[in-house]
Amino acid sequence: MRKVFVSELLGPKREGLFNDVIDMEIENIVRSLSSNPSAIEEPFRGATLKEMLDEAKSMLGGSIGDHFPIFGRSLDKLTGWSDRLEKCFSNLDGYVQMVLDEHLDRGGSEISDHEKDFVHALIELSSKKNTSASCLTKDDIKALIMDVLTGGTDTIVVTMVWAMSEIVRNPRVMQKLQKEIRSCIGRKPKIHRSDIMQMKYLKMVVKETLRLHPPAPLLIPRECINHCQVGGYDVFPGTRVLINAWGIGRDPRIWGDNSTKFYPERFKNEVDFVGEKFDMVPFGGGRRSCPAFNQATTIIELTIGKLLYLFDWEVPDGYEELNMEEKGSLVVHRKSSLFLVPRKHNRQE
Ligand code: HEM
């Protein structure tokens, strides 16, 4: 399944369409900010799908029955958790089914290869004509779509919101970042992926955000399959394992006395952040690490780059200090919404 996900959504086959959709979405955010700054909340505010995904994420945080299966399951029934779980996943399943039906109704033949998206590709892999080992069932397709919806939406938005919070709280960082972006872009109307490659400080800012605010601070709960030893402790098969990515990213033994400070310059020398050295693990590590880390960081860099290139950002009058309290279980958000005022940057200056 992971192989299908990587080749059909993230691989070069789908790159053109994926990039076009991302660029269009970033343009939409910028347009809504330019025409009506009070619409800043719009792209991130909930439609029904968002509510469904929020509910699913809160349920994935686990129940009493997940931790104490023997008596916990009965408690889950009594407290109404089991009914809530049933309803939540039947709603999500209904949504995914609707997406699938829409794709089936349109039929694959009248759509050009360029227009075919991830769901079309999955349907092709499930067709009777496909005799390869990766032939998918309907449930496989639904699971893969749910992976994208649950794993790929909130994580990116949460990281962007934390990045904007830290940038605005640290005017020194904001000025340095804007200077870099604006000098790399000059007077060009658009930022391209190739421009981002030159923006070293922007990359440092995104890494520093993921270090201090990994969207999934305990990653995804895993279960140990084989007996192993970690740091001298025995971990037996069946043990549920939680990795404290939040704690690792703030560990003063790795990051020094200023480990809780937002200081992107600490990434001047290349630091691995995709789980090879484990100094920070916002995307997990090993065989089940996030397959979309590359795409995710590019989307965040492009969006932040664009927002900082076109606008100067301020906290609204009356809000002196940004509240940085956190809330959530599987994915950790800001406790209070982020309100910022964008002022269009005059490119003649
Ligand atoms: C800033 C953005 C993101 C962060 C921080 C993030 C983080 C993570 C983490 C921590 C895991 C679990 C790794 C582990 O347990 O070792 C994971 C898994 C996964 N992520 Fe992401 N993710 C991000 C964006 C995305 C996007 C955009 C997609 C899809 C388009 C995605 C799809 C997945 C999938 C499918 C898995 C499961 C992989 C497996 O079990 O083999 N993620 N991600």
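Only this structure's heavy atoms are used, side chains among them; waters, hydrogens and symmetry mates stay out. Given the structure is predicted, the values throughout are model-derived calculations rather than measurements. Count residues from 1 along the sequence. First listed ligand is number 1; within each ligand, the first listed atom is number 1.
- Atom 25 (C) of ligand 1 has its closest protein heavy atom at Gly151 O, 3.4 Å.
- At a threshold of 4.0 Å, the pair Asp23-Arg193 counts as salt-bridged, since one of the basic side-chain nitrogens sits closer than that to a carboxylate oxygen.
- Looking only at protein heavy atoms, the nearest one to atom 11 (C) of ligand 1 is Ile220 CD1, 4.0 Å.
- Relative ring orientation between His213 and Trp162 is described as parallel, the plane-to-plane angle staying below 30° on a 0-90° scale split at 30° and 60°.
- Checking side-chain atoms of His103 against main-chain N and O of Leu100 turns up no donor-acceptor pair under 3.5 Å.
- Summary of contacts: the protein heavy atom closest to atom 32 (C) of ligand 1 is Phe5 CZ, 3.9 Å.
- Put simply, part of Arg222 is less than 4.0 Å from ligand 1, judged by heavy atoms.
- Remark: among candidates Pro215, Gly286, Ala216, Pro282, the nearest residue to atom 7 (C) of ligand 1 is Pro282, based on non-hydrogen atoms.
- For atom 21 (Fe) of ligand 1, the closest non-hydrogen atom on the protein side is Cys290 SG, 2.4 Å.
- When all heavy atoms of Leu92 and Met52 are compared, the closest pair comes out as N-SD, 4.0 Å.
- One N or O on the side chain of Glu180 and one on the backbone of Tyr201 form a donor-acceptor pair closer than 3.5 Å.
- Looking at Trp162, Phe118, Phe283, Phe293 and measuring to atom 4 (C) of ligand 1, the nearest heavy atom belongs to Phe283.
- Numbered from 1 in the order shown, with element, the atoms of ligand 1 that lie under 4.0 Å from a heavy atom of Thr159 read 1 (C).
- In terms of modelled atom types and a separation under 3.5 Å, the side chain of Asp195 and the main chain of His192 share a donor-acceptor contact.
- Here the protein heavy atom with the shortest distance to atom 36 (C) of ligand 1 is Pro291 CD, 3.7 Å.
- The two atoms that bring Leu177 and Leu202 nearest to each other are CD1-CA, 3.5 Å, heavy atoms only.
- From the protein, the heavy atom lying nearest to atom 24 (C) of ligand 1 is Thr155 OG1, 3.4 Å.
- Counting only N and O atoms by type, the side chains of Gln178 and Asp312 include a donor and acceptor under 3.5 Å apart.
- For ligand 1, the atoms sitting less than 4.0 Å from at least one non-hydrogen atom of Leu219 are 10 (C), numbered in the order shown with element in parentheses.
- At least one N/O-N/O distance between Arg288 and ligand 1 falls below 3.5 Å.
- Checking side-chain atoms of Asn170 against main-chain N and O of Glu166 turns up a donor-acceptor pair under 3.5 Å.
- Near Gly285, with a cut-off below 4.0 Å to any heavy atom, the atoms of ligand 1 are 16 (O).
- The atoms of ligand 1 that sit less than 4.0 Å from any heavy atom of Ala296 are 2 (C), 24 (C).
- Taking a 4.0 Å cut-off on heavy atoms, Ile300 registers as neighbouring ligand 1.
- Closest to atom 27 (C) of ligand 1, if we only count protein heavy atoms, is Gly152 CA, 3.5 Å.
- For atom 30 (C) of ligand 1, the nearest non-hydrogen atom of the protein is Leu9 CD2, 3.8 Å.
- Near Gly284, meaning under 4.0 Å from one of its heavy atoms, ligand 1 places the atoms 10 (C), 13 (C), 14 (C), 16 (O).
- Checked for salt-bridge contact, Arg334 and Glu325 miss the test: no charged N lies under 4.0 Å from a carboxylate O.
- A donor atom on one side chain and an acceptor atom on the other are found under 3.5 Å apart for Asp140 and Thr137.
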